[in-house]
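Structure first, commentary second.
Note that ligands are numbered from 1 as they come in the structure, with each ligand's atoms numbered from 1 the same way. For the single chain, residues carry numbers from 1 onward in sequence order.
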Amino acid sequence: MSLNLACLITLVLLASSASAALIPRQDKSWTVALNDRPIRAIVTQNSDGAFSFDCQANGNTVISASNIGFSTSNGDVGPGFNSCTAQDQSYTVESYNTPGGRSKSHYAPYQTQTFDCKTSNGQSSSVDIRVGIDGCAFRVGFPDGQYTINSESSTWTFAQNGASFLMDDPENTSYEGEWEQSDVETGLSNSRNVMMPYLVDANSAAANQWILLEEAAMDGSFGGSQLTHNSGSLAYQFSFAEGGNVKVDGSIFSPWRIAVVADLTNLYRTTFDADNLPSTNISDVSWIKPGTVSWSWLPEHNSPSNETRQMEYVDLAAELQWPYTLVDEGWDASWVPDLVRYANSKSVDILLWYSANQWNSTDAVASNIANLKEWGVKGAKIDFFLSDVQAIHDQQTYILSQMAAAELMVNFHGTPPPRGNQRTWPHLLSQEAIRGDEHVADAFRNTVIPFTRNLLGSMDFTPSLYTVTGGDGGSQQQQQSAQCSVGCGLGKSIAFESAWQHIGETPEVIRNYTLAARFYKGLPSAWEASTLLPNSYPGKAFAVGRYYQSSDRYYFGAVFNGDAQTFELQPTILPTDKSFILDIVSDANDDDNDRTSIIRTIVTDVSSTSTVNVHVKSNGGFSAIACETAGPDGGCLADL
Ligand SMILES: *[C@@H]1O[C@H](CO)[C@@H](O)[C@H](O)[C@H]1NC(C)=O
Ligand SMILES: *[C@@H]1O[C@H](CO)[C@@H](O)[C@H](O)[C@H]1NC(C)=O
Ligand SMILES: *[C@@H]1O[C@H](CO)[C@@H](O)[C@H](O)[C@H]1NC(C)=O
Ligand SMILES: *[C@@H]1O[C@H](CO)[C@@H](O)[C@H](O)[C@H]1NC(C)=O
Ligand SMILES: *[C@@H]1O[C@H](CO)[C@@H](O)[C@H](O)[C@H]1NC(C)=O
């Protein structure tokens, strides 16, 4: 909380030194913008005291916020605010590093307008409106006390209709629903609540303008939210997940309600959510280690109870220079220490699966942590939270704080999404909240989730190469292959960012695909930089370039939805003044019905301005490594 506290103190100092104006109860207007930047918020307060703002890009309104307010057992906190004082605007810069993510160093300026107000019954509250280089956001500060927040009236209204990309989660508890395309006016055709992140093609005069609705700040002081929408309307009103309410104890803020506004390239760079969370209190992060993980549960559900089989997954990790093996549901405390000794002798660390109800009391958390430390296990995957209400965020925050103190890493499954939390809790290496490879593949989903869910933080999709969940060799396997060729399967390991990347595949299948095994060997899972590549578009194609400084190499991953095609790869992430060897592993250039053959192509003299044609099968994909100095066989792939 230190950074936010510092901001608050700055604001308070500014307030006391400046002569703050009292706002009369009539329409007034303010502009919030960073110097020389195209995004601005035009804020008004109407005669009822309600705040609204237009979020503009280059002078065009793309989305507006209105009715900013909440209903509480302590009286209404907005939309009508009284006796508001506009503070001087503040300029802040969020500059921080993370061990994982699309990039590891972050720098983002923000301009904030704060209004100090009274609620309907005369208590102190506030409204913050914040503008960054890539969007607008607001939040409300609540009166101190003990009471319940029951509902929210705040509403986002899009300036016009446009294509939208969203997830339909009928359970609305674990964010594992299927992704679909709709439009703003239709929302979900079954009238269910729309969940965030919600991606919209703003379809404005300025082409290539996208809006991503998201929220930040899930520290247990609030629950998650969804958006209620009536068919035909451009308006989306906040509602609390699962009809939950919020118990206030003390002085809290609502989560930031964020509209990222950017072209696709900058949308892929956004960290608006993480930027506006508290900086981490963990000063020594050297024990926090991203890495690729071997993992047996996906292809063989019963294998985690078999220590001998787990040793074979450890052997795979050692062979491929992956730092971890995750043992999922079924492990036995009697053999875990033995497996850890075996793994450590091969420079592999062990991670263990748990159910969340084994972590539901302070005693249970302490006892699990004591076991993990005693056994030498480096982290836990904790599963089945299955809710987005405040109590779950409270439980997760408690677990994260205790695990941080013990220097143990965390992966949450069956959970709401991270919403930028990896800034505050960098030992949170991944989080599920995604319909991953444990459900049969879907080519449309593959090309949407990098622009949506993955922008909230690491996404534990568990990319498999070929094998469907449970090792089913029949119709499910055919569907999996039809929706994602082996070229695509390998491409997912780069396309989908997860600081712990669990490869859900058997040692036998991986060894059988020699090119894949060579690509997987030493595979990084955390990046100095990531750049969305040209010709990417949600629902059709996603191609990304990533830089890994330790080996001074560039990695590329691409996944596609639709017919076989020749993709023009433009490796724009490469530095402009150097020439590279590009080593590509892609779908074999022959029969589209052969979903499993992959080939290697080595291209020389590639630079940031090159275009390299790569053939992909229907629902295909590829991966590639760029290096400056070739290995013995003229390429960049590792030897086995
Ligand atoms: C970080 O430390 C500050 C000061 O001790 C504390 O108020 C805050 O709650 C801590 N933040 C987290 C995320 O633990
Ligand atoms: C969300 O899930 C709850 C519990 O399963 C259900 O009662 C509710 O109708 C769902 N809400 C929406 C909007 O889908
Ligand atoms: C355990 O794994 C080993 C090694 O793969 C295998 O030989 C054995 O049959 C497995 N045991 C059971 C009970 O499945
Ligand atoms: C915690 O989980 C255990 C095991 O499922 C259950 O018996 C217990 O009631 C739970 N306790 C709380 C406080 O939820
Ligand atoms: C290995 O590849 C061969 C030839 O493509 C295939 O017949 C066999 O089933 C594969 N084995 C495994 C374990 O994938």
Flag this pair as yes if the NZ/CZ of Arg102 is under 6.0 angstrom from the six-membered ring centre of Tyr268 and inside a 45 degree cone about the axis; otherwise no.
yes
Would you mind telling me if ligand 1 is within reach of the side chain of Thr424, the backbone, both or neither, using heavy atoms under 4.0 Å?
side chain
Would you mind checking if Asp128 and Arg139 are paired as a salt bridge, meaning a charged N to carboxylate O distance below 4.0 Å?
yes
Are Arg257 and Phe238 in a cation-pi setup, meaning NZ or CZ lies under 6.0 angstrom from the ring centre and within 45 degrees of the ring axis?
yes
Protein heavy atoms near atom 14 (O) of ligand 3, is at least one of them under 4.0 angstrom away?
yes
Enumerate the atoms of ligand 4 whose separation from the nearest heavy atom of Asn360 is less than 4.0 angstrom.
1 (C), 2 (O), 3 (C), 8 (C), 10 (C), 11 (N), 12 (C), 14 (O)
Numbered atoms and elements of ligand 1 in range of Asn281, under 4.0 angstrom, heavy atoms
1 (C), 2 (O), 3 (C), 8 (C), 10 (C), 11 (N), 12 (C), 14 (O)
Check whether the ring centres of Phe272 and Trp256 lie less than 6.0 Å apart, and answer yes or no.
no
Look at atom 9 (O) of ligand 4 and say whether a protein heavy atom is found at less than 4.0 angstrom from it.
no
Centroid separation under 6.0 Å, is that true for the rings of Phe240 and Phe222?
yes
Please could you name the atoms of ligand 3 that Glu312 approaches to less than 4.0 Å, counting only its heavy atoms?
4 (C), 5 (O)
Can Asp437 and Lys492 be counted as an ion pair, charged N to O under 4.0 angstrom?
yes
Which atoms of ligand 3 are found less than 4.0 Å from any heavy atom of Asn306?
1 (C), 2 (O), 3 (C), 8 (C), 10 (C), 11 (N), 12 (C), 14 (O)
May I ask you to list the atoms of ligand 1 that are less than 4.0 angstrom from any heavy atom of Trp425?
13 (C), 14 (O)
